[in-house]
Amino acid sequence: MIKTSAGALTAALLLLAAPAMAADVVALDQPGALVEAPGPWQVRLRALGVITEDEGGVDGIPGSDLHYSDTVVPELDITYYFTNNIAAELILGTTKASVFTGGSIDTLGKVGSTWILPPTLTLQYHFTNFGAFKPYVGAGVNYTVFYNQKDSGPFTDMDIDNTFGAALQVGFDYMVDEHWGFNVDVKKIFLEPDWTANLGDTKLSGKADLNPWLIGAGVTYRF
């Protein structure tokens with residue numbers, strides 16, 4: 001349901017952007033089609049909430065479930081504008097999360113913890129006909145690295161695989177002047193890595209359906 005809603009929202013915004021995108025194709029033949037002053041680079045510093053889907057399980061155990069801790073972390077992103085409307089954004093940040101059992105295996109408790117590094121690259125379309133209010137939509141790819149993993153309780157050798165995922169994005173900047181602004185950004189990452197762990201002499205495996213929402217707000221600087 002969450003995946004469908006995120007995809008439908010982005011599709012609708014892209015349909016609304018179609019007339020403006022067509023106009024930009026014509027504008028590229030005109031002087032000044034490239035990014036106006038101050039320049040094509042932009043950085044943002046955000047406070048980012050990482051909210052997971054809390055799904056997954058253990059292969060071969062009916063009714064098993066997994067849960068994950070949610071976190072708030074600082075996050076840096078770097079954006080380059082190819083034109084006034086088309087840009088690419090790279091987000092950088094890291095966070096720590098814990099993994100817990102649930103459902104039919106709830107009594108087993110905490111499986112372990114891991115640090116997560118999820119660099120995400122998106123291609124964006126920025127709307128430019130709303131004055132200081134500059135909404136955008138984006139889509140791209142994420143590669144998540146799980147590092148410094150630690151076991152907990154009865155579990156040993158927990159290992160969550162690094163994996164690729166798709167990303168959808170919607171947000172806006174409100175520019176106070178040509179350099180400074182305020183940003184709100186929401187991303188949906190489709191992230192379902194495989195995992196393994198040992199419970200005594202039994203090797204467990206499954207899929208961790210994290211699929212997190214990344215909800216951020218912060219400061220924009222364009223240069």
Side-chain angles (χ1 to χ4, degrees), residues 1-3 6 43-78 89-122 140-169 171 185-219:
M1 180 67 69
I2 294 176
K3 294 182 183 180
V43 294
R44 300 187 187 96
L45 182 62
R46 301 186 184 109
L48 186 71
V50 182
I51 303 172
T52 59
E53 194 172 89
D54 277 347
E55 293 185 6
V58 180
D59 295 337
I61 302 181
S64 62
D65 201 358
L66 295 175
H67 304 291
Y68 322 97
S69 59
D70 298 328
T71 57
V72 177
V73 296
E75 177 260 322
L76 174 70
D77 81 60
I78 303 169
E89 178 194 85
L90 176 66
I91 71 164
L92 301 169
T94 189
T95 184
K96 186 178 181 180
S98 297
V99 182
F100 301 90
T101 60
S104 62
I105 56 172
D106 182 68
T107 56
L108 294 177
K110 184 177 177 180
V111 180
S113 62
T114 181
W115 280 88
I116 303 171
L117 179 66
T120 303
L121 180 65
T122 60
V141 64
N142 160 271
Y143 183 73
T144 298
V145 177
F146 299 90
Y147 67 98
N148 198 21
Q149 302 184 49
K150 294 183 178 180
D151 309 311
S152 184
F155 295 93
T156 59
D157 297 326
M158 184 188 76
D159 181 45
I160 305 175
D161 292 345
N162 301 338
T163 188
F164 283 97
L168 297 176
Q169 176 183 35
D185 184 270
V186 178
K187 294 183 181 69
K188 177 65 174 180
I189 309 295
F190 301 105
L191 184 64
E192 300 182 353
D194 294 324
W195 70 277
T196 58
N198 293 330
L199 181 60
D201 294 329
T202 303
K203 185 167 186 175
L204 305 177
S205 63
K207 191 172 289 292
D209 297 343
L210 299 167
N211 297 322
W213 289 94
L214 308 182
I215 302 174
V219 178

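Because the structure is predicted, anything quoted here is derived from the model rather than measured.
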[X] side-chain N/O to [Y] backbone N/O, donor-acceptor pair under 3.5 Å:
{"X": "Asp151", "Y": "Met158", "result": "yes"}
{"X": "Ser69", "Y": "Ser98", "result": "yes"}
{"X": "Asp54", "Y": "Tyr68", "result": "yes"}
{"X": "Ser104", "Y": "Pro62", "result": "yes"}

Q: Can you sort out the partners of Asn142 under side-chain hydrogen bond (donor to acceptor under 3.5 Å, both in side chains), two or more places apart, ordered by chain and number?
A: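 Asn142 satisfies side-chain hydrogen bond (donor to acceptor under 3.5 Å, both in side chains) with Thr120, Thr144 once adjacent residues are dropped.
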Can you give me the closest heavy-atom contact between [X] and [Y], atom names plus distance?
{"X": "Pro212", "Y": "Leu191", "answer": "CD-CB, 4.0 Å"}
{"X": "Ser205", "Y": "Thr196", "answer": "CB-CG2, 3.9 Å"}
{"X": "Thr122", "Y": "Ala167", "answer": "CG2-CB, 4.4 Å"}

Q | Listed once per pair and sorted, the salt bridge (charged side-chain N to carboxylate O under 4.0 Å, His left out) pairs that draw on residues 196-215, sequence neighbours left out | A | Asp194-Lys207
Q. Any ion pair linking Lys187 and Glu75 (charged N to carboxylate O, less than 4.0 Å)?
A. no
Q) Taking the side chain as C-beta and beyond, is there a heavy-atom pair between Ile160 and Val99 under 4.5 Å? A)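 Of all side-chain heavy-atom pairs linking Val99 with Ile160, at least one is under 4.5 Å.
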Q. Can you find a heavy atom in the side chain of Phe190 that is under 4.5 Å from one in the side chain of Leu168?
A.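 Phe190 reaches Leu168 side chain to side chain.
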Q) What residue among Leu108, Val58, Leu204, Leu199 forms side-chain contact (heavy atoms from CB on, under 4.5 Å) with Thr101? A)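 Exactly one pass, corresponding to Leu108.
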Q: Using side-chain hydrogen bond (donor to acceptor under 3.5 Å, both in side chains) as the criterion, point out the one residue from Thr114, Asn162, Thr94 that pairs with Tyr147.
A: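 Testing each of Thr114, Asn162, Thr94 against Tyr147, the sole residue satisfying side-chain hydrogen bond (donor to acceptor under 3.5 Å, both in side chains) is Thr94.
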Q. Could you state the interatomic distance from CD1 (Ile51) to CG (Leu48), rounded to the nearest 0.5 Å?
A.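 If we round to the nearest 0.5 Å, Ile51:CD1 and Leu48:CG are 9.0 Å apart.
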